[in-house]
Amino acid sequence: MKKLFANTNESAPRQKEAADNKGEFSLAPGLCILYSPQMSELAHIRDIADVLLEMKKITPRQMEQVRKQQQQTKNGTDSEQILSKFGLEADDILRAKAILHGFEFHSIPVENVDRSAFDRLDLSYIRSSHVMPVSVENDTMVIATSDPTNIFAIDDVKRQIGMPVRIVVCSESDITAACNEFDDSNFSFDVDEIMSNMADVEVVKDEEEDIGDLEKSAAESPVIKYVNYLLTNALHEGASDIHIEPKAKHTRIRYRIDGALFDTMQAPMKMHPAVVSRLKIMSNLDISERRLPQDGKISAIMGGRNVDLRVSVLPTSNGEKVVIRILDSSSIMLGLDNSGMEADTLAAFKEQVALPHGILLVTGPTGSGKSTTLYSALGQMDGQKLNISTVEDPVEYNLESCNQVQANEKVGLTFATALRSLLRQDPDIIMVGEIRDNETARTAVQAALTGHLVLSTLHTNDAPSSVSRLVNIGIEPYLIAASLNGILAQRLVRKICDNCKEVYRIPKNMRRYIENAGVNPKELMHGAGCDRCRESGYAGRVGIFELLIVDDRFRDIVNKDSSVNSMRTAFIESGQATLFDDGIKKVKKGVTTIEEVLRVTQACEKTDKIDSGETSKAANTKKTSTPQKKTGAKLKQG
């Protein structure tokens, strides 16, 4: 104690002088005798700016700006307020805040939240406190918060839980998504009551139906409730599409979940015209036209979030079939880091996105996630400094940083026409929804050669065959070689359900694929099937990718021989991972199954690399490699 008082007494005059000069602090003379902090102590208090500098999210020059602005303010402005002006990502600031307070930062998708754990706290309390239970691990409750500085809320949760807890930090959007998913008040439908009420609704059955009668039947309360139930239930189940199919004696309702169709319910056939008419009214379509296809869209709020619906009506022999695509921006804008790309592929793709000019293609069949990847790539760009424009058909999601153009061939606004107009708008980045004809492809090549970065999609089986596709469209090989930077091919495979994941014995017809790929058959996982995954063994999807970077070697090959075989051989010889290779990596990690990888990849690729040329045998194996479909209590896979 004597030493402490001696040090403080000797330093008191010096500290008082420093306080007068700097204005950092001011203590009463009597208090200075007890304790007076050194200037060095104040200067080295670690804050969020120090963490961001260590993370290399800000530069030393920006760090100097933060400290200078803090010194210029009387009370010392919070560094987080200053850092927010530097255009940092919200997750980066939150990650730094987590590190500062000694917590881990995690991205927590809804499927990783255990409902039984989540229900330990009241939903309204979770929304207000920004703290939610996630799961129980080794008798410890994992608690996620988006505000690690709120120690009072964290302590209160510890008291309510009544068991050991481990605190992690996640984004506010993760907590909101979980609250929306588990908010039963957004999903309060009595299906039996709706169906019984619908049986009493009268619908005109004559060949020449009266428009007024149709509008009346479509506006009846049971029909509205039933359509609202179909849409809300589909979002609740995580469906991407709703199929409303007229049959001879009933209407069949199916949801597409994780790429597979499941039967969900049946409705009386006499109600089909009223349901279709209701959807047409919501989509601003002509309810009197039943002989021609129609397309429309619906903007709605479901589960507390904005959702866009694309409606397609097609006449069939039993009536009009309706397919509704659900576009939920909260489920698509996950970012490249959450796409499932391996670290090396992700780094290489980000380099391609950062190039100043050239063409970057994303290829794959319909529903393989191409739009998600392109939107995520655009989200990586600085919309404040760059002029980013897109031409799409349709515009699936609205991006604040982009100027989006909706193509409309009926009025002459084609991809090529819109693209030519965009070139006169001083663009930096151009995204074309799809290259489907010679005119669009040629305009895209010209844009790339004149100093613009062009992103687009192409429908091909793999990355190497994209070059041949462009040649078939009518683009000269030397133009392709000069403008093309890279090609990313991708597929979506279903992930094994974490709730029912278990080790299993692989079928004999799959064993040679696994052995030749260097995977231990005894370590393979699959989903046994449970209520959470609708007895399918899968929940959620993840991407598998192959990235072809067009370097000088590939440019020479394109100029000499741009055939599919030539490009594929060169790609394999380059040592870059194919779709099958990337899928096998995820099989090793227990993310998906070998059956899923074989289902979405080309048999010829697998046999070329792991089966010593037994192409026909592997092709026959592929036909029987799809796992047996299972039926569940809630949804039946169709």
Side-chain angles (χ1 to χ4, degrees), residues 89-95 97-98 103-135 141-148 150 153 157 167-188 231-240 255 257-258 299-309 325-340 369 371-372 375-376 379 396-400 492 495 497-499 532-534 538-543:
E89 296 288 339
D91 280 359
D92 289 335
I93 295 178
L94 192 57
R95 190 185 301 273
K97 192 182 294 186
F103 299 125
E104 298 177 0
F105 179 85
H106 292 283
S107 175
I108 305 178
V110 174
E111 56 265 23
N112 290 351
V113 180
D114 187 346
R115 178 64 188 267
S116 61
F118 184 89
D119 289 339
R120 294 287 294 271
L121 293 179
D122 186 71
L123 181 65
S124 61
Y125 181 84
I126 294 175
R127 290 187 185 274
S128 61
S129 65
H130 311 290
V131 178
M132 73 170 177
V134 178
S135 61
M141 179 72 75
V142 179
I143 303 292
T145 177
S146 61
D147 185 7
N150 191 353
V157 169
I167 306 298
V168 299
V169 178
C170 70
S171 66
E172 179 64 25
S173 60
D174 288 343
I175 296 179
T176 302
C179 290
N180 292 336
E181 177 69 19
F182 299 138
D183 187 356
D184 293 330
S185 64
N186 293 328
F187 192 72
S188 55
L231 300 178
T232 308
N233 185 48
L235 188 68
H236 184 77
E237 293 285 350
S240 60
Y255 292 161
I257 303 174
D258 297 334
S299 295
I301 298 177
M302 294 190 293
R305 57 185 186 266
N306 294 323
V307 178
D308 289 331
L309 308 173
R325 168 152 290 190
I326 302 174
L327 303 176
D328 182 9
S329 58
S330 65
S331 65
I332 191 171
M333 298 302 293
L334 301 176
L336 291 175
D337 294 335
N338 298 317
S339 63
S371 296
T372 303
Y375 277 116
S376 299
E396 295 186 0
Y397 300 95
N398 294 320
L399 301 176
E400 292 294 331
L492 291 177
K495 297 194 299 183
C497 176
D498 291 329
N499 191 56
R532 186 174 299 179
C533 63
R534 296 162 293 275
Y538 298 98
R541 288 190 292 178
V542 68

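In this text, all values refer to a predicted model and were calculated from it rather than measured experimentally. Excluded from the calculations below are hydrogen atoms, water molecules and symmetry mates; all remaining heavy atoms, backbone and side chain alike, are included.
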| Expected output: side-chain S339 to main-chain L336 donor-acceptor under 3.5 Å | yes

What pair of heavy atoms forms the shortest contact from [X] to [Y], and how long is it?
{"X": "Y538", "Y": "D258", "answer": "O-OD2, 4.2 Å"}
{"X": "I175", "Y": "A144", "answer": "CD1-O, 4.2 Å"}
{"X": "A178", "Y": "V110", "answer": "N-CG2, 3.9 Å"}
{"X": "I143", "Y": "P133", "answer": "CD1-CA, 3.8 Å"}

Report the distance from atom [atom1] of [X] to atom [atom2] of [Y], rounding to the nearest 0.5 Å.
{"X": "M132", "Y": "S146", "atom1": "CE", "atom2": "OG", "result": "9.0 Å"}
{"X": "S240", "Y": "L327", "atom1": "OG", "atom2": "CG", "result": "9.5 Å"}
{"X": "H106", "Y": "S171", "atom1": "NE2", "atom2": "OG", "result": "12.5 Å"}
{"X": "R95", "Y": "F103", "atom1": "CZ", "atom2": "CZ", "result": "15.5 Å"}
{"X": "C170", "Y": "N112", "atom1": "SG", "atom2": "CG", "result": "11.5 Å"}

| message | Is it true that, when you exclude R541 itself, more than 12 heavy atoms of the residues, nucleotides or ligands shown sit nearer than 6.0 Å to its CZ? | response | yes

So [Y] and [X], do their side chains get closer than 4.5 Å, heavy atoms only?
{"X": "S107", "Y": "D174", "result": "yes"}
{"X": "V307", "Y": "L231", "result": "no"}
{"X": "V142", "Y": "V168", "result": "yes"}
{"X": "V157", "Y": "Y125", "result": "yes"}
{"X": "F105", "Y": "L94", "result": "yes"}
{"X": "F118", "Y": "C179", "result": "yes"}
{"X": "E237", "Y": "I257", "result": "yes"}

| Where do L309 and I326 land on the side-chain contact (heavy atoms from CB on, under 4.5 Å) test, with the steps shown first? | CA-CA 5 Å; L309 308 173; I326 302 174; 3.8 Å; yes

| said: Pair L492, V542 - check side-chain contact (heavy atoms from CB on, under 4.5 Å), show working. | reply: CA-CA 6 Å; L492 291 177; V542 68; over 6 Å; no

| query | Step by step, would you call T145 with N150 a side-chain contact (heavy atoms from CB on, under 4.5 Å)? | reply | CA-CA 9 Å; T145 177; N150 191 353; 5.8 Å; no

